[in-house]
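The next block holds one structure in the form of structure tokens; read it before the comments.
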Amino acid sequence: MKHSATPQTRRGRGPARRIGRSLAFVLPVVLVLSGTLAVTRVNWSGTPSNSVLTASDASSSETSSRAAAARAPHEVLRDRLLTELQEEDPGVALTHLQQAVHDRPSLARHCASIARSLGRAAVRVYGPTRAQSYARPVCDTAFASGVLAAHR
């Protein structure tokens with residue numbers, strides 16, 4: 001058995017060591033990127049939906065058209081009624097709100113908030129006195145409370 005003063009190193013581990021070092025560097029990067037991509041695919045809004053937006057979708061110009069198409073029915077109704085209020089009068093918008101709630105009972109829980117929005121918009125367009133003249137018992141007194149809130 002020979003003993004030497006200088007320690008001998010094995011040269012046979014060279015390629016395995018390089019691969020190990022490469023993996024040690026690349027693996028955390030891959031894990032971070034895959035985790036980031038996974039987080040961008042989670043629906044954080046709390047409302048269930050079939051379409052999931054990815055990070056690349058957020059930067060595209062199609063996102064606004066997709067968002068408009070994916071809006072909730074009560075938001076679409078509110079926007080349509082606000083347009084009617086400006087083009088015609090609050091009475092027409094309130095009548096159409098009442099018909100929409102009658103036709104789709106699932107909109108009933110949003111009726112008061114839509115009516116308040118109509119009341120606030122009516123004050124901006126017609127002034128408080130004229131806006132109050134359109135009040136009727138659609139969704140209780142939500143329209144009148146919207147007029148009152150906008151008038152304060």
Side-chain angles (χ1 to χ4, degrees), residues 13-152:
R13 289 195 299 190
R17 180 169 282 174
R18 278 193 300 260
I19 291 171
R21 286 181 180 170
S22 296
L23 283 176
F25 175 72
V26 172
L27 192 59
V29 172
V30 170
L31 290 174
V32 167
L33 287 177
S34 64
T36 302
L37 292 174
V39 167
T40 61
R41 300 221 17 120
V42 172
N43 180 4
W44 295 102
S45 67
T47 58
S49 68
N50 293 335
S51 64
V52 177
L53 295 177
T54 61
S56 62
D57 290 337
S59 63
S60 71
S61 61
E62 296 175 355
T63 303
S64 60
S65 62
R66 285 185 199 168
R71 292 186 335 167
H74 69 277
E75 293 172 341
V76 174
L77 175 64
R78 183 191 62 230
D79 292 345
R80 183 172 55 90
L81 293 175
L82 287 170
T83 302
E84 283 183 6
L85 182 139
Q86 292 176 355
E87 292 175 354
E88 297 182 38
D89 65 55
V92 172
L94 287 171
T95 299
H96 289 154
L97 173 60
Q98 192 169 14
Q99 289 171 347
V101 170
H102 183 268
D103 294 342
R104 286 184 74 180
S106 62
L107 294 172
R109 65 181 169 160
H110 303 286
C111 185
S113 67
I114 294 172
R116 276 191 296 276
S117 296
L118 291 173
R120 289 189 297 267
V123 170
R124 286 192 301 270
V125 174
Y126 297 100
T129 305
R130 187 164 175 216
Q132 187 61 39
S133 71
Y134 289 102
R136 61 174 83 158
V138 176
C139 309
D140 296 324
T141 59
F143 179 83
S145 68
V147 170
L148 181 64
H151 181 60
R152 287 183 181 177

Contacts under 3.5 angstrom, residues 97-104 side chains, donor-acceptor by atom type, not counting sequence neighbours:
none

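- The line from CD1 of I114 to CD of E75 is 9.5 Å long, rounded to the nearest 0.5 Å.
- Across all non-hydrogen atoms, the minimal contact from A142 to A112 is CB-O, 3.3 Å.
- Applying the ring-ring contact (aromatic ring centres under 6.0 Å, His included) definition to pairs two or more places apart or across chains, none involves residues 76-96.
- Q86 is linked by a side chain to side chain contact (heavy atoms under 4.5 Å, CB included) to V125, counting only residues two or more places apart in sequence or in another chain.
- Qualifying ring pair (Phe, Tyr, Trp, His ring centres under 6.0 Å) partners for H74, counting only residues two or more places apart in sequence or in other chains: H110.
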Name each donor-acceptor pair under 3.5 Å that joins a side chain in residues 127-137 to protein atoms two or more places apart or in another chain, with its distance.
{"unit_1": "R130", "atom_1": "NH2", "unit_2": "Y134", "atom_2": "OH", "d": "3.4"}
{"unit_1": "S133", "atom_1": "OG", "unit_2": "R130", "atom_2": "O", "d": "2.5"}
{"unit_1": "R136", "atom_1": "NH1", "unit_2": "T95", "atom_2": "OG1", "d": "2.7"}
{"unit_1": "R136", "atom_1": "NH2", "unit_2": "G91", "atom_2": "O", "d": "3.3"}

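- Note that CG of L81 and CG of L118 are 5.5 Å apart. Values are rounded to the nearest 0.5 Å.
- Shown here are the side-chain hydrogen bond (donor to acceptor under 3.5 Å, both in side chains) partners of S145, two or more places apart in sequence or in another chain: there are none.
- Considering all non-hydrogen atoms of both residues, A121 and L82 come closest at CB-CD2, 3.5 Å.
- The distance from the CG atom of L94 to the CG atom of L85 is 8.0 Å, given to the nearest 0.5 Å.
- Applying the side-chain hydrogen bond (donor to acceptor under 3.5 Å, both in side chains) criterion to R116, with sequence neighbours excluded, gives no partner residue.
- Annotation: salt bridge (Lys or Arg N to Asp or Glu O under 4.0 Å) contacts involving residues 81-94, sequence neighbours excluded, comprise R80-E84.
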